[in-house]
Amino acid sequence: MKNKEPLILVIVVAFTLLTYWLVEPYAHSVMHKHVESVNFTYPDLMPVSKTGNVANGKELVTGAAACTGCHSIEKEGMPAMMDAVSAAASYGVNPPDLSEAGAIYDAKFLANLVVNPAHALKVEHKFDAAKGEMHPMTAFYGAGGDIDQEVADIVSYLQSIAPKPSEVTPKMAYENACGRCHAMKYENWTQIGEKPAFKFEKDSLAFDIQVLEYQEHLTKYMGKLPPDLSMYIRSRGEHFISTFIENPQAHLEGTAMPRVGVTADAAEKVIEHLADAGDTKRHERDSIGKTVMIYSVIFAIFALLWKKQVWKDLH
């Protein structure tokens with residue numbers, strides 16, 4: 001019996017692995033379309049061909065390009081022209097603040113977004129210019145000079161005011177790239193921001209009404225209300241979410257969700273924020289898990305030594 005123990009262990013492990021393969025990876029390969037990532041390189045978009053001029057970019061953003069007519073730039077002391085609900089009523093969704101755009105969004109994506117929003121966002125099926133279906137974001141047709149140079153200037157300006165990519169937190173990346181469409185109740189996040197702790201219930205109810213009004217406009221714009229993402233990391237997994245962020249059409253052709261256009265680093269931070277929200281104890285559990293593994297190894301060693309001692313006495 002003693003000599004058969006390794007063989008029994010091998011058989012048990014083999015059948016366990018076979019069962020896992022049948023139930024988990026195989027099932028997912030059949031039930032979910034597999035999409036390979038291109039590492040957020042956006043090969044269908046035209047690259048930035050010129051070296052940008054920051055000063056001219058600022059003049060364009062605040063002038064001819066009229067970016068600040070819809071977008072706030074809080075870092076530069078330029079507040080939003082409208083509150084979130086009013087903006088959603090006008091555009092379908094509240095345009096993002098541009099203070100962090102240069103660090104969160106890919107430069108090539110930003111450049112293409114400026115000149116052709118529907119194409120950059122991959123929502124041309126929803127906004128067909130030939131049919132008069134224009135995207136709410138107005139395209140930039142140039143300010144009279146070399147449009148490629150002007151677009152490069154705009155991107156350079158946005159990058160110059162943005163924090164360093166290493167300074168972008170998971171929370172910042174999520175709120176800017178996803179938080180205007182997706183709520184996250186486990187993080188107390190609504191589409192118009194975090195819900196404050198109100199002293200009076202009437203103020204809390206007033207905030208809830210604003211959220212509902214915003215969601216109503218967003219639903220009309222998107223076709224349905226985008227889901228709360230509190231537990232999405234558990235129900236979908238990191239690979240699915242990453243490739244869906246990168247190219248929603250690859251997973252769900254015809255979806256109203258736009259391509260977000262974030263960098264690979266920003267996407268990782270968005271997923272990290274989702275993971276933190278979906279499993280608030282994960283870091284604590286990982287720490288405890290290491291301790292348990294060390295204990296298990298030590299226990300196994302002592303158990304093996306004890307077993308050998310018992311068998312020795314029997315023989």
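Everything quoted here is computed from the prediction, not taken from an experiment.
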Note to self: Does Asp153 form a salt bridge (charged side-chain N to carboxylate O under 4.0 Å, His left out) with Lys50? I'd like the steps, not just the answer.
What the structure shows: CA-CA 8 Å; Asp153 294 345; Lys50 303 290 181 72; over 6 Å; no
For Val12 and Thr16, what are the C-alpha separation, side-chain angles and deciding distance, and is it a side-chain contact (heavy atoms from CB on, under 4.5 Å)? CA-CA 6 Å; Val12 170; Thr16 301; 4.1 Å; yes
*asked:* Run Ser230 and Asp228 through side-chain hydrogen bond (donor to acceptor under 3.5 Å, both in side chains) and show every step you take.
replied: CA-CA 6 Å; Ser230 296; Asp228 184 290; 2.6 Å; yes
Can you check side-chain contact (heavy atoms from CB on, under 4.5 Å) on Arg259 and Leu45, steps first, answer last? CA-CA 12 Å; Arg259 169 167 56 186; Leu45 298 180; 3.4 Å; yes
Note to self: What verdict does the side-chain contact (heavy atoms from CB on, under 4.5 Å) test give for Val260 and Cys178, after you've listed the backbone C-alpha separation in whole Å, the side-chain angles of each residue and the deciding distance to 0.1 Å?
What the structure shows: CA-CA 8 Å; Val260 184; Cys178 314; 5.5 Å; no
- Run the side-chain contact (heavy atoms from CB on, under 4.5 Å) check on His135 and Leu121 step by step: do they pass? CA-CA 10 Å; His135 191 274; Leu121 295 166; 3.3 Å; yes
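Distance check: Lys269 NZ to Asp276 CG gives 13.0 Å after rounding to the nearest 0.5 Å. Rounding to the nearest 0.5 Å places OG of Ser156 at 12.0 Å from CD1 of Ile161. Considering CD of Glu238 and CD1 of Ile233, their distance stands at 4.5 Å, rounded to 0.5 Å. Atom CD of Glu167 sits about 10.5 Å away from atom CD of Glu100, to the nearest 0.5 Å. A distance of 13.5 Å separates CD in Glu213 from CG in Leu218, rounded to the nearest 0.5 Å. Here Thr62 contributes atom OG1 and Glu76 contributes atom CD; the two are 9.5 Å apart, rounded to the nearest 0.5 Å.
Hydrophobic clustering keeps Val38 apart from Phe244 (ILVMFWY residues linked when any side-chain heavy atoms are closer than 4.5 Å, directly or through intermediates). With hydrophobic clusters built from ILVMFWY side chains whose heavy atoms lie under 4.5 angstrom apart, Met257 shares a cluster with Leu252.
A donor-acceptor contact shorter than 3.5 Å is absent between the side chain of Glu150 and the backbone of Leu60. The closest donor-acceptor contact from the side chain of Arg234 to the backbone of Gly278 lies under 3.5 Å. Judged by distance alone, the side chain of Thr68 and the main-chain N or O of His71 form no donor-acceptor pair under 3.5 Å. With hydrogens and angles ignored, the 3.5 Å screen pairs no side-chain donor or acceptor of Arg236 with any backbone N or O of Ile241. The closest donor-acceptor contact from the side chain of Thr243 to the backbone of His239 lies under 3.5 Å. Judged by distance alone, with hydrogens and angles left aside, the side-chain atoms of Tyr214 form a donor-acceptor pair with the main-chain N or O of Asn94 at under 3.5 Å. Distance alone, capped at 3.5 Å, is enough to place a donor-acceptor pair between the His125 side chain and the Thr255 backbone. Between the Asn188 side chain and the Lys195 main chain, a donor and an acceptor come within less than 3.5 Å of each other.
Taking every heavy atom of both residues into account, Glu36 and Glu246 meet most closely at O-OE1, 4.5 Å. The two residues Ile104 and Ala173 come nearest to each other via the heavy atoms CD1-CA, 4.0 Å. Taking every heavy atom of both residues into account, Cys181 and Gln191 meet most closely at O-NE2, 3.2 Å. Shortest non-hydrogen contact noted between Ile147 and Phe140 is CD1-O, 3.7 Å. Listed here is the closest heavy atom pair of Gly69 and Met81: O-CG, 3.5 Å. Here the closest heavy-atom approach between residue His217 and residue Val85 is recorded as CD2-O, 3.8 Å.
The closest side-chain heavy-atom distance from Asn116 to Met46 is not below 4.5 Å. Val35 has its side chain out of reach of Asn247: every pair of non-hydrogen atoms, C-beta onward, lies at least 4.5 Å apart. Taking the side chain as every heavy atom from C-beta outward, Glu175 and Glu194 approach each other to under 4.5 Å. With a 4.5 Å cut-off on side-chain heavy atoms, Leu212 and Glu216 do not count as touching. Contact check for Lys122 versus Asp44: side-chain heavy atoms found under the 4.5 Å cut-off. At a threshold of 4.5 Å between non-hydrogen side-chain atoms, the residues Met137 and Leu113 count as touching. No side-chain heavy atom of Ser72 sits less than 4.5 Å from a side-chain heavy atom of Met78. Taking the side chain as every heavy atom from C-beta outward, Phe127 and Pro117 never approach each other to under 4.5 Å.
Other residues, nucleotides and ligands place more than 12 heavy atoms under 6.0 Å from the CZ atom of Phe198. Enclosure of atom CD in Glu201 is not indicated, since only 12 or fewer non-hydrogen atoms of other residues, nucleotides or ligands lie within 6.0 angstrom.
Relative ring orientation between Trp189 and Tyr174 is described as perpendicular, the plane-to-plane angle rising above 60° on a 0-90° scale split at 30° and 60°.
Taking a cutoff of 4.0 Å between a charged side-chain nitrogen and a carboxylate oxygen, Lys75 and Asp97 do not qualify as a salt bridge. With salt bridges taken as basic N to acidic carboxylate O contacts below 4.0 Å, none links Glu187 and Lys171.
At least one cation-pi condition fails for Lys108 and Phe40: the charged atom is not both under 6.0 angstrom from the six-membered ring centre and inside a 45 degree cone around its axis.
Side-chain contact, Asn39 with Thr41: no donor N or O sits under 3.5 Å from an acceptor N or O.
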